[in-house]
Amino acid sequence: MAQQHTGVVAIYPGSFDPITNGHLDVIERGSRLFDRLIVSVLRNEAKAPLFTIEERIEMLRETVAPYANVEVDSFHGLLADYAMRREAGAILRGIRAISDYENELQMALMNRRLQPGLETVFLLAGETFSFISSRLVKEVISLGGNISGLVPPLVERRLRARLEP
Ligand code: PNS
């Protein structure tokens with residue numbers, strides 16, 4: 001019997017404050033693994049972000065424009081509920097180091113408990129990206145350091161305008 005192929009939709013959730021080349025690596029590889037990838041920014045009132053949700057979405061949209069099967073969205077509330085609303089079968093997350101693993105494991109298990117059919121798929125960060133985080137990039141540029149190659153050029157321009165001393 002011929003196997004029926006149904007497209008797998010994955011959500012790549014995060015704060016993306018701002019998107020880094022590490023995120024972009026996960027997006028690029030995820031876009032090849034899944035039929036459709038939804039990069040979704042958490043609307044979290046509790047955190048004090050550098051960029052507004054709208055700014056982060058704009059930077060993401062410009063950055064992922066070359067990928068036809070990648071879209072950008074935002075969500076609030078439970079990720080597992082949002083994934084169901086978007087009819088996603090998987091959550092995509094990147095892991096840089098062992099230190100990421102503990103938190104990611106807890107989130108993946110909690111999401112599986114909340115929504116048993118929802119799989120979390122982890123991609124190991126490429127070696128060249130494993131030290132990059134949005135937090136460190138912001139710290140380095142605000143102290144006058146060089147961040148070229150760590151974030152997309154359009155993000156670097158925005159970071160310079162906002163943070164360069
Ligand atoms: O980029 P981040 O900040 O590491 O992303 C964290 C994120 C957005 C994946 C996580 O905070 C999240 O999924 N929040 C939504 C709230 C939720 O569903 N919490 C319980 C499940 S663990």
Side-chain angles (χ1 to χ4, degrees), residues 8-31 33-34 36-64 67 70-142 147 150-152 154-156 158-159 162-163:
V8 178
V9 179
I11 311 265
Y12 179 33
S15 308
F16 303 107
D17 185 36
I19 178 177
T20 67
N21 283 346
H23 294 129
L24 185 55
D25 174 53
V26 172
I27 292 169
E28 205 250 306
R29 290 156 64 205
S31 76
L33 273 179
F34 298 103
R36 210 147 57 80
L37 183 63
I38 303 170
V39 181
S40 200
V41 185
L42 174 66
R43 291 183 177 269
N44 184 355
E45 311 301 332
K47 274 193 183 176
L50 175 64
F51 293 104
T52 65
I53 291 278
E54 287 65 33
E55 288 173 317
R56 283 179 270 159
I57 288 177
E58 201 178 305
M59 286 186 274
L60 279 166
R61 288 218 168 106
E62 284 183 49
T63 306
V64 306
Y67 306 96
V70 178
E71 74 170 87
V72 178
D73 191 16
S74 65
F75 74 103
H76 56 85
L78 281 180
L79 174 60
D81 290 347
Y82 168 70
M84 285 307 101
R85 285 200 299 281
R86 296 301 320 256
E87 299 182 340
I91 292 169
L92 177 64
R93 293 285 286 171
I95 289 203
R96 290 164 299 192
I98 288 285
S99 49
D100 283 339
Y101 178 78
E102 264 182 66
N103 186 39
E104 293 298 331
L105 177 70
Q106 276 190 333
M107 288 201 291
L109 294 179
M110 183 60 83
N111 284 324
R112 189 154 76 194
R113 189 189 167 95
L114 292 169
Q115 203 55 254
L118 186 63
E119 291 291 346
T120 300
V121 174
F122 294 109
L123 286 182
L124 295 182
E127 314 79 88
T128 35
F129 305 108
S130 60
F131 64 96
I132 306 176
S133 70
S134 300
R135 183 183 62 80
L136 272 187
V137 164
K138 287 183 279 192
E139 183 174 317
V140 169
I141 197 162
S142 68
I147 57 148
L150 304 184
V151 294
L154 69 103
V155 175
E156 185 175 343
R158 295 231 193 179
L159 278 166
R162 183 103 17 132
L163 285 181

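Ligands are counted one by one from 1 in listed order, and the atoms in each one are counted from 1 as well.
When only non-hydrogen protein atoms are considered, atom 1 (O) of ligand 1 lies nearest to S15 N, 3.0 Å. Residue, atom and distance of the protein heavy atom nearest to atom 9 (C) of ligand 1 are R93 NH1, 3.5 Å. Nearest protein neighbour of atom 19 (N) of ligand 1, counting heavy atoms only, is L78 CD2, 4.0 Å. With respect to atom 11 (O) of ligand 1, the closest heavy atom belonging to the protein is L42 CD2, 3.9 Å. Nearest protein heavy-atom neighbour of atom 10 (C) of ligand 1: M107 SD, 3.9 Å.
Annotation: side chain of I19 is in contact with side chain of I27 (closest heavy-atom distance under 4.5 Å).
Put simply, the side chain of R96 never gets that close to the backbone of F129: no donor and acceptor are under 3.5 Å apart.
When all heavy atoms of S40 and I11 are compared, the pair lying nearest together is CB-CG2, 4.1 Å. Minimum interatomic distance between M84 and L118 (heavy atoms only, all atoms of both residues): CE-CD1, 4.2 Å. When every heavy atom of G30 is checked against every heavy atom of L37, the shortest pair comes out as C-CD2, 4.0 Å.
Taking a cut-off of under 4.0 Å to the non-hydrogen atoms of N111, the atoms of ligand 1 that pass are 21 (C). Listed by number with element, the atoms of ligand 1 under 4.0 Å from a non-hydrogen atom of G77 are 15 (C), 16 (C).
The shortest N/O to N/O separation between L79 and ligand 1 falls below 3.5 Å.
Between D81 and R85 there is no salt bridge, since no side-chain nitrogen of the basic residue lies less than 4.0 Å from a carboxylate oxygen of the acidic one.
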